[in-house]
Amino acid sequence: MEIGFLKRIIWSQLGASVKMLENAIAACPDELWTDVSLPKPYWAQVYHALFFLDLYLSESPALMDPPSKFKPLERGPNGPVPQKVYSRAELLEYLEYGRAKARSTIGRLTEGTITKECGFSWVGVSVGELFLYNSRHVQHHAAQLNQLMRQKVNSAPGWVFKAE
């Protein structure tokens with residue numbers, strides 16, 4: 001299969017997952033954003049999805065270098081511990097960083113790199129498959145966020161078929 005074709009379909013689906021997460025961020029009512037009655041506040045679920053989008057777009061955990069204001073204080077048993085409560089605007093900024101990193105990382109793929117083992121031993125897949133794994137993870141959290149909105153305000157963004 002031609003590498004340019006693979007790059008286009010990887011971006012089409014990962015980009016669609018990122019767009020669905022963006023829509024879930026934008027549509028979240030203010031009162032739900034910081035609702036402490038949830039097991040994990042909405043904003044923290046968004047941060048988790050964005051942190052791992054960023055991580056899995058890195059060559060390895062050691063090479064992940066998020067923008068300074070998004071670096072976690074520590075990594076706990078349930079993932080990264082954020083520095084603070086992030087605003088919608090801040091997490092949309094992190095999303096844009098992740099979207100740009102995704103496009104750049106996908107753009108650098110070659111026939112040689114796409115089949116190499118990824119730098120995340122706990123995942124145990126190729127670089128190419130890691131993009132699918134990453135897309136599924138982002139989509140999983142976008143769906144959770146949409147479900148929360150449906151439960152709390154009976155509204156949620158629609159499906160994104162592919163990235164533009």
Side-chain angles (χ1 to χ4, degrees), residues 1-28 33 41-75 79-120 122-123 125-146 149 156-164:
M1 195 171 296
E2 196 261 319
I3 191 69
F5 175 74
L6 289 173
K7 290 181 189 185
R8 284 189 298 280
I9 62 173
I10 290 169
W11 168 248
S12 176
Q13 294 307 303
L14 179 57
S17 294
V18 171
K19 182 64 177 174
M20 288 193 70
L21 181 59
E22 178 182 29
N23 292 347
I25 295 168
C28 179
W33 188 257
Y42 196 97
W43 72 266
Q45 293 183 55
V46 171
Y47 175 81
H48 170 92
L50 292 172
F51 175 88
F52 281 96
L53 171 67
D54 186 5
L55 176 68
Y56 292 137
L57 290 169
S58 304
E59 287 184 42
S60 70
L63 294 176
M64 181 192 183
D65 189 28
S68 61
K69 72 174 161 182
F70 300 112
K71 289 185 180 179
L73 290 175
E74 60 184 72
R75 292 188 188 168
V81 177
Q83 295 179 30
K84 63 179 195 142
V85 174
Y86 289 103
S87 71
R88 182 187 325 265
E90 287 173 314
L91 290 181
L92 284 170
E93 178 186 328
Y94 197 17
L95 182 135
E96 286 305 322
Y97 170 85
R99 186 187 338 254
K101 185 174 181 179
R103 293 209 67 143
S104 173
T105 305
I106 293 166
R108 289 191 309 274
L109 285 173
T110 66
E111 289 179 15
T113 59
I114 201 167
T115 58
K116 285 178 33 180
E117 188 73 15
C118 78
F120 302 92
W122 63 88
V123 181
V125 297
S126 70
V127 168
E129 190 172 351
L130 186 64
F131 284 103
L132 302 178
Y133 180 90
N134 202 354
S135 182
R136 288 178 47 241
H137 184 255
V138 171
Q139 184 59 46
H140 166 77
H141 288 290
Q144 285 182 325
L145 295 167
N146 284 341
M149 280 190 283
W159 183 257
V160 176
F161 290 91
K162 62 182 184 175
E164 295 180 15

Quiz item: Given the rule in the side chain to side chain contact (heavy atoms under 4.5 Å, CB included) test, do Tyr56 and Val123 qualify, once you have shown the distances and angles that lead to the verdict?
Solution: CA-CA 10 Å; Tyr56 292 137; Val123 181; 4.1 Å; yes
Practice problem: Just do the side chain to side chain contact (heavy atoms under 4.5 Å, CB included) check on His140 and Arg136 with the steps written out, would you? | Solution: CA-CA 6 Å; His140 166 77; Arg136 288 178 47 241; over 6 Å; no
Quiz prompt | side chain to side chain contact (heavy atoms under 4.5 Å, CB included) evaluation trace for Asp65 with Lys71 | solution = CA-CA 8 Å; Asp65 189 28; Lys71 289 185 180 179; 3.0 Å; yes
Self-check item: Trace of the side chain to side chain contact (heavy atoms under 4.5 Å, CB included) decision for Arg88 with Val46
Solution: CA-CA 9 Å; Arg88 182 187 325 265; Val46 171; over 6 Å; no
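Nearest heavy-atom pair, Asn146 versus Ala156, reported as atom, atom and distance to 0.1 Å: O-CB, 3.6 Å. The shortest heavy-atom contact between Pro61 and Gly119 is CD-O, 3.3 Å. Between Pro157 and Met149 the shortest heavy-atom distance is CD-CE, 3.5 Å. The two residues Lys101 and Leu57 make their nearest non-hydrogen contact at CE-O, 3.7 Å. Closest approach of Ala142 to Ala24, counting heavy atoms only: O-CB, 4.5 Å. Residues Arg99 and Trp11 come closest through the heavy atom pair CG-CH2, 3.6 Å.
Note on ring orientation: taking the six-membered ring where Trp is involved, the planes of Trp122 and Phe120 are perpendicular (angle over 60°, cut-offs 30° and 60°).
Summarising the geometry, atom CD1 belonging to Ile10 is positioned 10.0 Å from atom CG belonging to Leu130; distances are rounded to the nearest 0.5 Å. Expressed to the nearest 0.5 Å, how far OG of Ser126 lies from NZ of Lys116 amounts to 11.5 Å. Rounding to the nearest 0.5 angstrom, the gap separating the CG atom in Leu55 from the CG atom in Leu63 is 10.5 Å. To the nearest 0.5 Å, atoms CD (Glu164) and NZ (Lys19) are separated by 7.0 Å. Interatomic distance, Leu145 CG to Ile25 CD1, rounded to the nearest 0.5 Å: 8.0 Å. Note that SG of Cys28 and CG of Asn23 are 13.0 Å apart. Values are rounded to the nearest 0.5 Å.
Sorted by first then second residue, the side-chain hydrogen bond (donor to acceptor under 3.5 Å, both in side chains) pairs that include residues 103-114, not counting sequence neighbours, are Ser104-Arg108, Thr110-Thr113. Residue pairs that meet the side-chain hydrogen bond (donor to acceptor under 3.5 Å, both in side chains) test with at least one member in residues 42-51, sequence neighbours left out, are His48-His137, His48-His141.
Residues Phe52 and Val138 have side chains not in contact (no heavy-atom distance under 4.5 Å, counting atoms from C-beta outward). Residues Val125 and Cys118 form a side-chain contact, since some pair of their non-hydrogen atoms from C-beta on lies under 4.5 Å apart. Residues Glu22 and Glu96 meet the side-chain proximity criterion, which asks for heavy atoms closer than 4.5 Å. The closest side-chain heavy-atom distance from Asp54 to Tyr94 is below 4.5 Å. Using a 4.5 Å heavy-atom cutoff, the side chains of Arg8 and Glu2 are in contact. Taking 4.5 Å as the limit, some side-chain heavy atom of Leu6 sits within range of a side-chain heavy atom of Ile114. Using a 4.5 Å heavy-atom cutoff, the side chains of Leu21 and Leu53 are not in contact. No side-chain heavy atom of Phe131 sits under 4.5 Å from any side-chain heavy atom of Gln13.
Residue Glu59 places its CD atom among 12 or fewer non-hydrogen atoms of other residues, nucleotides or ligands, all under 6.0 Å distant.
A donor-acceptor contact shorter than 3.5 Å is absent between the side chain of Gln139 and the backbone of Met20.
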